[in-house]
Amino acid sequence: DNSVPDMDSPEQWKERVLWHHQNCPGVKITILDLMAEGDKVMGHLQADVTYSVPNDPINPFGLPLGRPVSWRLANVFHIVDGKIVSQRNVNNYREMLIEEGVIPLKNIVKNRAAVSKFIDGLNNQDASLLIEACSPEIAKQWCDFLPGMYARMKDHHIEIVDMVADNDSVAIKMATSGYHTGVMHNLAPTGKHWTNRVYVFFRLVDGKIVEVDPLSDAENIIKQLGGSIQPNPA
């Protein structure tokens with residue numbers, strides 16, 4: 001069903017299956033367990049693969065060639081009239097790549113440490129930590145941002161709720177809080193205490209943060225400060 005956002009089209013599935021059979025002949029998917037209830041089916045699967053063809057642009061990893069590897073998957077399929085219309089998937093493919101040395105574990109540890117240091121720098125208003133964690137350009141941006149940030153958000157604090165890292169990127173979910181002491185979202189200071197959730201995606205090169213892409217729940221914080229979001233008349 002091409003209308004469902006989280007379900008690839010038949011053409012995309014065909015391309016993926018063909019790629020695997022071309023790059024790892026004998027690829028095998030085994031059903032370890034299957035459970036159905038209502039319109040959902042839960043499948044516990046195992047993939048067994050031996051990559052035999054050098055890396056292809058469809059997959060950015062330097063795949064482990066010539067030796068068998070395997071990983072487990074948990075798939076939840078949504079079925080309508082006997083047809084799969086959407087699926088959700090969790091797997092340990094990345095852990096397999098780490099074990100095989102494709103993604104160096106030391107890089108992941110270094111990236112996590114850099115992001116933790118970056119958050120500590122914000123919480124402690126410590127420019128030196130930002131300089132250690134970031135490239136010079138990014139460090140300057142955030143060092144320049146710090147004074148205004150704490151002028152608008154007194155006692156601002158960030159707590160890392162969850163963190164996912166790989167070879168060149170880190171994603172975190174944060175819980176943030178503070179007091180409204182400066183103009184925020186075009187709202188004059190109210191002194192109100194607020195809490196919010198923020199997702200941030202970092203890109204790193206050689207253990208240094210080179211890109212910071214935050215996404216916050218703006219509507220949530222605006223409502224807490226007594227504001228509202230109105231449609232653009234245009």
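Worth knowing before you read on, the calculation uses all heavy atoms, side chains too, and leaves out hydrogens, waters and symmetry mates.
- Under the 4.5 Å side-chain heavy-atom criterion for ILVMFWY residues, no single connected hydrophobic cluster contains both F201 and V210.
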Using side chain to side chain contact (heavy atoms under 4.5 Å, CB included), reason through F202 and I172 one step at a time and then give a plain yes or no. CA-CA 8 Å; F202 299 86; I172 63 173; 3.7 Å; yes
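- Counting heavy atoms from C-beta outward, V109 and R112 have side chains that stay 4.5 Å or more apart.
- Side-chain contact between L45 and L32: absent, with no pair of heavy atoms (C-beta onward) separated by less than 4.5 Å.
- For H157 and S177, the side-chain atoms include no donor-acceptor pair closer than 3.5 Å.
- The side-chain heavy atoms of N196 and S216, taken from C-beta on, include a pair separated by under 4.5 Å.
- In terms of modelled atom types and a separation under 3.5 Å, the side chain of T190 and the main chain of L225 share no donor-acceptor contact.
- If you chain together hydrophobic residues whose side chains sit under 4.5 Å apart, Y93 and V17 never meet in one group.
- The main-chain N or O of Q22 is never found under 3.5 Å from a side-chain atom of H20 such that the two would form a donor-acceptor pair.
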Can you list the steps and then say if R94 with I98 is a side chain to side chain contact (heavy atoms under 4.5 Å, CB included)? CA-CA 6 Å; R94 179 179 295 157; I98 293 172; 4.3 Å; yes
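- When every heavy atom of M163 is checked against every heavy atom of S116, the shortest pair comes out as CE-OG, 3.7 Å.
- With respect to D217 and R197, a salt bridge is recorded, a charged nitrogen being found less than 4.0 Å from a carboxylate O.
- Atom CG of N91 is separated from atom CZ of R72 by 12.5 Å, given to the nearest 0.5 angstrom.
- With hydrogens and angles ignored, the 3.5 Å screen pairs no side-chain donor or acceptor of D162 with any backbone N or O of K173.
- Considering only heavy atoms from C-beta on, I79 stays 4.5 Å or farther from V85 through its side chain.
- Residues V41 and L34 have side chains in contact (heavy-atom distance under 4.5 Å, counting atoms from C-beta outward).
- Taking CG from L204 and CG from D168, the interatomic distance works out to 8.0 Å, rounded to the nearest 0.5 Å.
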Determine whether W194 and K223 satisfy the following criterion, side chain to side chain contact (heavy atoms under 4.5 Å, CB included), listing intermediate values before the conclusion. CA-CA 10 Å; W194 53 265; K223 287 181 177 178; over 6 Å; no
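- Note: the hydrophobic cluster containing Y179 does not contain V183 (ILVMFWY, side chain heavy atoms under 4.5 Å, direct or indirect links).
- For OH of Y150, the number of neighbouring non-hydrogen atoms (other residues, nucleotides, ligands) closer than 6.0 Å is greater than 12.
- The cationic atom of R16 (NZ for Lys, CZ for Arg) does not lie both less than 6.0 Å from the six-membered ring centre of W19 and within 45° of the ring axis.
- In this structure, I119 and V200 have side chains that are not in contact, with every pair of non-hydrogen atoms separated by 4.5 Å or more.
- Taking OH of Y199 as the reference point, atom CG of L215 lies at 9.0 Å (rounded to 0.5 Å).
- Summarising the geometry, atom CE belonging to M153 is positioned 12.5 Å from atom NE2 belonging to H193; distances are rounded to the nearest 0.5 Å.
- Closest approach of A74 to M42, counting heavy atoms only: CB-CE, 3.6 Å.
- The residues E132 and K208 are annotated as not salt-bridged, no charged nitrogen and carboxylate oxygen being separated by less than 4.0 angstrom.
- Nearest heavy atom pair, residue F118 against residue L130, reads O-CD2, 3.5 Å.
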Would you please test L187 and I222 for side chain to side chain contact (heavy atoms under 4.5 Å, CB included) and show each step? CA-CA 8 Å; L187 296 173; I222 288 171; 4.2 Å; yes
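- Within 6.0 Å of CG on N124 lie more than 12 heavy atoms contributed by other residues, nucleotides or ligands.
- Counting all heavy atoms, side chain and backbone alike, H78 lies closest to D39 at NE2-OD2, 3.0 Å.
- In plain terms, the two heavy atoms of P214 and V198 that are nearest each other are CB-CG1, 4.5 Å.
- The shortest non-hydrogen separation linking V161 to M174 is CG2-C, 4.1 Å.
- The side-chain heavy atoms of L146 and L122, taken from C-beta on, include a pair separated by under 4.5 Å.
- The local environment of CD1 in I31 is sparse, with at most 12 non-hydrogen atoms from other residues, nucleotides or ligands closer than 6.0 Å.
- A distance of 10.0 Å separates CD of E15 from CD of E11, quoted to the nearest 0.5 Å.
- Under the 4.5 Å side-chain contact rule for hydrophobic residues, I131 and F145 do not share a cluster.
- With contacts defined as side-chain heavy-atom distances shorter than 4.5 Å, the pair V69/E100 qualifies.
- Rounded to the nearest 0.5 Å, atoms CD (Q141) and OG (S135) are 8.0 Å apart.
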